[in-house]
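Reckoned from all heavy atoms, side chains included, excluding hydrogens, waters and symmetry mates.
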Amino acid sequence: QVQLVESGGGSVQSGGSLRLSCAASKDIFRPWCMAWFRQAPGQEREGVAAIDLMSIKPYADSVKGRFSISRDNTKNTLYLQMKNLQPADTAMYYCAVLMYNYCPSSWWQDDRWTYWGQGTQVTVSS
């Protein structure tokens with residue numbers, strides 16, 4: 001069964017750090033384009049970071065310099081290291097797979113994201 005399972009969310013104070021993990025079924029991990037999205041209540045979904053076989057795509061301006069995406073192909077796991085968290089980062093965070101070797105230039109608005117996790121909540125208090 002195809003699965004993406006996020007973990008690592010929680011509640012932290014402003015300035016704190018968290019590392020999110022996304023464990024993927026082996027059959028969907030492959031060298032596909034993978035990304036982290038987030039959505040706060042009443043807000044549109046936002047693409048945070050994406051990575052494919054060859055490179056990491058430019059981060060969303062809102063997280064640039066604070067968040068870092070990585071993947072461990074030996075563990076079929078995608079990560080999002082988040083530092084200097086701010087209340088504006090409060091959201092449900094989702095990992096997703098786009099079944100193509102390379103992330104498209106406008107990956108955050110592409111409609112081909114095939115698999116999604118259930119999400120992990122991140123709450124940052126001031």
Side-chain angles (χ1 to χ4, degrees):
Q1 183 176 356
V2 173
Q3 275 192 321
L4 291 171
V5 180
E6 300 98 335
S7 62
S11 297
V12 297
Q13 291 191 328
S14 181
S17 299
L18 286 173
R19 187 176 80 155
L20 305 184
S21 299
C22 172
S25 304
K26 182 178 180 180
D27 56 344
I28 67 167
F29 192 77
R30 300 192 183 179
W32 299 135
C33 170
M34 298 187 72
W36 288 97
F37 291 82
R38 67 185 183 184
Q39 189 166 22
Q43 303 293 320
E44 292 188 357
R45 188 179 66 198
E46 177 185 21
V48 173
I51 185 170
D52 59 27
L53 181 64
M54 297 299 294
S55 66
I56 295 172
K57 301 308 170 186
Y59 293 87
D61 289 342
S62 57
V63 306
K64 200 171 296 182
R66 301 186 299 120
F67 289 15
S68 177
I69 189 172
S70 62
R71 62 194 295 168
D72 186 337
N73 293 336
T74 65
K75 297 181 179 179
N76 296 342
T77 303
L78 179 72
Y79 300 100
L80 185 68
Q81 178 68 53
M82 306 185 294
K83 299 180 180 180
N84 191 20
L85 283 161
Q86 301 299 315
D89 296 315
T90 295
M92 186 72 80
Y93 284 71
Y94 301 90
C95 63
V97 171
L98 190 156
M99 297 177 68
Y100 190 63
N101 284 353
Y102 302 102
C103 296
S105 56
S106 299
W107 57 270
W108 59 91
Q109 59 187 24
D110 201 286
D111 61 1
R112 294 174 290 170
W113 293 96
T114 305
Y115 299 109
W116 293 83
Q118 83 290 348
T120 186
Q121 178 68 40
V122 172
T123 302
V124 185
S125 58
S126 58

When you group the ILVMFWY residues by side-chain heavy-atom contacts below 4.5 Å and let the links chain together, are Y102 and Y115 in the same group?
no
Can you check side chain to side chain contact (heavy atoms under 4.5 Å, CB included) on L20 and Y79, steps first, answer last?
CA-CA 6 Å; L20 305 184; Y79 300 100; over 6 Å; no
Judged by atom type as modelled, is there a donor-acceptor pair below 3.5 Å linking the side chain of E6 to the main-chain atoms of C22?
no
If Ile, Leu, Val, Met, Phe, Trp and Tyr residues are connected whenever their side-chain heavy atoms lie under 4.5 Å apart, and connections chain through other members, are I51 and L98 in the same group?
no
So, Q118 side chain and V5 main chain: donor-acceptor pair closer than 3.5 Å or not?
no
Ring centroids only, cut at 6.0 angstrom: are W107 and F37 within range, meaning strictly under it?
yes
Verify, without hydrogens or angle tests, whether D52 (side chain) and C103 (backbone) share a donor-acceptor contact under 3.5 angstrom.
yes
Got D89 and R38 here, is their nearest side-chain heavy-atom distance under 4.5 Å?
yes
From CZ (R71) to CG (L53), nearest 0.5 Å:
7.5 Å
Strictly distance-based, threshold 3.5 Å: is any side-chain N or O of S25 a donor or acceptor partner for the main-chain N or O of Q3?
yes
Would you kindly confirm whether W32 and L80 end up in one hydrophobic cluster when ILVMFWY residues are joined by side chain heavy atoms under 4.5 Å apart?
yes
Quick check: does any side chain N or O of Y59 sit under 3.5 Å from a backbone N or O of I69, one acting as donor and the other as acceptor?
yes
Is there a path of hydrophobic side-chain contacts, each under 4.5 Å between heavy atoms of I, L, V, M, F, W or Y residues, that connects V63 with Y94?
no
Which atom pair, heavy atoms only, marks the closest approach of G47 to A60?
O-CB, 3.4 Å
For the backbone of V124 and the side chain of T90, can you confirm whether one donor and one acceptor N or O come within less than 3.5 Å of each other?
yes
Where do W36 and L78 land on the side chain to side chain contact (heavy atoms under 4.5 Å, CB included) test, with the steps shown first?
CA-CA 9 Å; W36 288 97; L78 179 72; 3.4 Å; yes
Is there a continuous path of hydrophobic side-chain contacts, each under 4.5 Å between heavy atoms, that joins M34 to W116?
no
Heavy-atom pair with the smallest gap, counting every atom of R66 and S62:
NH2-O, 2.8 Å
Could you tell me if the side chain of Y93 sits less than 4.5 Å from the side chain of M82, heavy atoms only?
yes
Closest heavy-atom contact between S17 and Q81?
CB-NE2, 4.2 Å
When you measure from the side chain of Q86 to the backbone of N84, do you find a donor-acceptor pair of N or O atoms at a distance under 3.5 Å?
yes
If you look at every heavy atom in S126 and S14, which pair is closest and at what distance?
CA-CB, 4.1 Å
With a 4.5 Å limit on heavy-atom distance, are the side chains of W108 and R45 in contact?
no
Check whether any side-chain heavy atom of W113 lies under 4.5 Å from a side-chain heavy atom of C33, and answer yes or no.
yes
Exam field: side chain S106 to backbone P104, donor-acceptor pair closer than 3.5 Å
no
Can you find a heavy atom in the side chain of Q13 that is under 4.5 Å from one in the side chain of L85?
no
